[in-house]
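It should be emphasised that the depicted structure is a prediction, and the values quoted were computed from it without experimental measurement.
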Amino acid sequence: MKPASFGLILSRNTMSVRIGNRAGLSNVIQSAQLAGFHGNISRTPALYLGTWEASPLDIASAYSVFANGGVRPTPYIIDHITDSQGQPRFAITKSKRTVYSQRAANITSSILQQVCKPGGTAGKITTLGFKSPCGGKTGTTNNYTNAWFAGYTSNLTCSVWVGFDSSTKILEKGYGGTLALPVWVDIMLAAQKEGYPANAIRTRPGSEGQAVLVCRESNQLAHSGCQYAKTAYFETSAGYQAPANMCERHIPMAEPDSEESIPYAEPLDGSDDNIPLAEPVEETDGIPYATPI
């Protein structure tokens, strides 16, 4: 048994559909609308995979919610207009609204940050040259007609779409992580040079980011028996509520020979780099919101 985060990190769509079924069509549609999607969202289980039409601006605006602890800044194109004498003629009234709870947004953000670690579908982001804290998600449609990557840092949210005006295959195995991700990296690296640094991504105030050892099979607290069975893993999602009981599916080992003799469940890529701890950040008014671009 795998945790729900596993499906998002590795784009295992069947897991996302099962989670969507448990949440319910109406709740998922309402969440999408709160995030800024106002197009035609068909009431079928396919919507759990984001099958409705959306613009890159819609996607960037929605992903800003995860960068901002559940708050969505209203996107705009024109900031202000002045006349030939420098007198103001127009200025945007900036606004934002709370879309999701901080806890829900931060748990999702923690998972999206793991997508960008080795073992995730965007795991090669560091080899492409982007080494700052970020979260995001790749996307690929049937027959490789669309390739997406939407991601964010502490200051900016950016979505990249690669495709044609008509429903035409881009190329065989034209995944979002292959085509769209390198473009995103180039944009974000250029943004850093223009004065948009990528700092630690905001989390809820006071979050500790502590790891909890959990059994994959029972979803309870793991012990030495779970470790020996290689079903133990460290849950590090921000705001995670640890189970109260110990696993009863496995028998605890009385006295292991040594700590080294107890095998742990292997990380996705064989290293500890894909099990990041949430980095706590005190939330103050001085922390800029990620702005969709």
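- In this structure, the side chain of Arg72 engages the main chain of Ala35 through a donor-acceptor pair within 3.5 Å.
- Residues Tyr152 and Ile201 are in side-chain contact: their nearest non-hydrogen atoms beyond the backbone lie under 4.5 Å apart.
- Interatomic distance, OG1 of Thr121 versus CZ of Phe149, reported as 7.5 Å (0.5 Å rounding).
- Shown here is Glu172, whose CD atom has more than 12 heavy atoms of other residues, nucleotides or ligands within 6.0 Å.
- Between the side chains of Thr153 and Tyr196, no donor-acceptor pair of N or O atoms lies under 3.5 Å.
- Side chain to side chain, Ser55 and Asp58 meet the donor-acceptor criterion of an N or O pair below 3.5 Å.
- Under the 3.5 Å distance criterion, the side-chain polar atoms of Ser154 are matched with a main-chain donor or acceptor of Asn199.
- Between the Thr178 side chain and the Gly174 main chain, no donor and acceptor come within less than 3.5 Å of each other.
- Put simply, the residue from Ile125, Thr126, Val160 that forms a side-chain contact (heavy atoms from CB on, under 4.5 Å) with Val185 is Ile125.
- At a threshold of 4.5 Å between non-hydrogen side-chain atoms, the residues Met188 and Cys158 count as touching.
- No donor-acceptor distance shorter than 3.5 angstrom exists from the side chain of Thr138 to the backbone of Ala122, with no hydrogens or angles considered.
- When atom types are taken as modelled, the side chain of Asn146 and the backbone of Gly163 share no donor-acceptor pair closer than 3.5 angstrom.
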Apply the test side-chain contact (heavy atoms from CB on, under 4.5 Å) to residues Leu112 and Tyr63: give CA-CA distance (whole Å), side-chain angles for both, the deciding distance (0.1 Å), then the verdict.
CA-CA 10 Å; Leu112 292 174; Tyr63 271 74; 4.2 Å; yes
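- From Glu217, atom CD reaches atom SG of Cys226 across 8.0 Å, with rounding to the nearest 0.5 Å.
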So Asn40 and Glu53, side-chain contact (heavy atoms from CB on, under 4.5 Å) or not? Walk me through it.
CA-CA 8 Å; Asn40 182 24; Glu53 293 185 358; over 6 Å; no
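- Here the CG-CZ distance, from Leu189 to Phe130, works out to 6.5 Å after rounding to the nearest 0.5 Å.
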What verdict does the side-chain contact (heavy atoms from CB on, under 4.5 Å) test give for Lys137 and Ser11, after you've listed the backbone C-alpha separation in whole Å, the side-chain angles of each residue and the deciding distance to 0.1 Å?
CA-CA 9 Å; Lys137 185 69 182 71; Ser11 291; 2.5 Å; yes
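- Looking only at atom types and distance, the side chain of Thr74 has no donor-acceptor partner in the side chain of Arg97 under 3.5 Å away.
- Heavy atoms of other residues, nucleotides or ligands lying less than 6.0 angstrom from CG of Asp83 number more than 12.
- Checked by atom type and distance alone, the side chain of Thr140 pairs as donor or acceptor with a backbone atom of Gly176 at under 3.5 Å.
- Taking both residues in full, the closest heavy atoms of Cys116 and Gly136 are given as SG-N, 3.6 Å, listed atom of the first, atom of the second, then distance.
- Closest heavy-atom contact between Ala242 and Val212: CB-CG1, 3.9 Å.
- Between Tyr175 and Tyr144, the ring-plane angle classifies as perpendicular under the 30° and 60° cut-offs.
- Without hydrogens or angle criteria, Lys94 side chain to Tyr76 main chain gives no donor-acceptor distance under 3.5 Å.
- Here CZ of Arg89 is found 11.0 Å from CD1 of Ile81. Values are rounded to the nearest 0.5 Å.
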So Met15 and Leu8, side-chain contact (heavy atoms from CB on, under 4.5 Å) or not? Walk me through it.
CA-CA 8 Å; Met15 297 179 72; Leu8 195 60; over 6 Å; no
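- Contact annotation: the side chain of Tyr48 approaches that of Val28 to within less than 4.5 Å [non-hydrogen atoms, C-beta and beyond].
- No donor-acceptor pair closer than 3.5 Å links the side chain of Ser110 to the backbone N or O of Asn106.
- Considering Gln227, His250, Gln220 as possible partners of Cys215, the one that fulfils the side-chain contact (heavy atoms from CB on, under 4.5 Å) test is His250.
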Show the numbers, then the answer: is there a side chain to side chain donor-acceptor pair (under 3.5 Å) between Ser26 and Gln30?
CA-CA 6 Å; Ser26 297; Gln30 183 181 44; over 6 Å; no
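- When every heavy atom of His38 is checked against every heavy atom of Gln33, the shortest pair comes out as CE1-O, 3.6 Å.
- Residues Phe37 and Ile59 have side chains in contact (heavy-atom distance under 4.5 Å, counting atoms from C-beta outward).
- Inter-residue side-chain proximity for Leu213 and Leu221 is flagged as unmet; no heavy-atom pair is nearer than 4.5 Å.
- Nearest heavy-atom pair across Ala198 and Ser132 is CB-CB, 3.5 Å.
- Of all heavy-atom pairs between Ile19 and Ala4, the closest is CD1-CB, 3.5 Å.
- A distance of 12.5 Å separates CG in Leu171 from OG1 in Thr168, rounded to the nearest 0.5 Å.
- Within 6.0 Å of the CD1 atom in Ile251, the count of heavy atoms belonging to other residues, nucleotides or ligands does not exceed 12.
- Note that CG of Leu25 and OG of Ser42 are 9.0 Å apart. Values are rounded to the nearest 0.5 Å.
- Side-chain polar atoms of Gln114 and Ser5 form no donor-acceptor pair below 3.5 angstrom.
- With a 4.5 Å cut-off on side-chain heavy atoms, Trp148 and Pro56 count as touching.
- Contact detail for Ile9 and Val115: the closest heavy-atom pair is CA-CG2, 3.8 Å.
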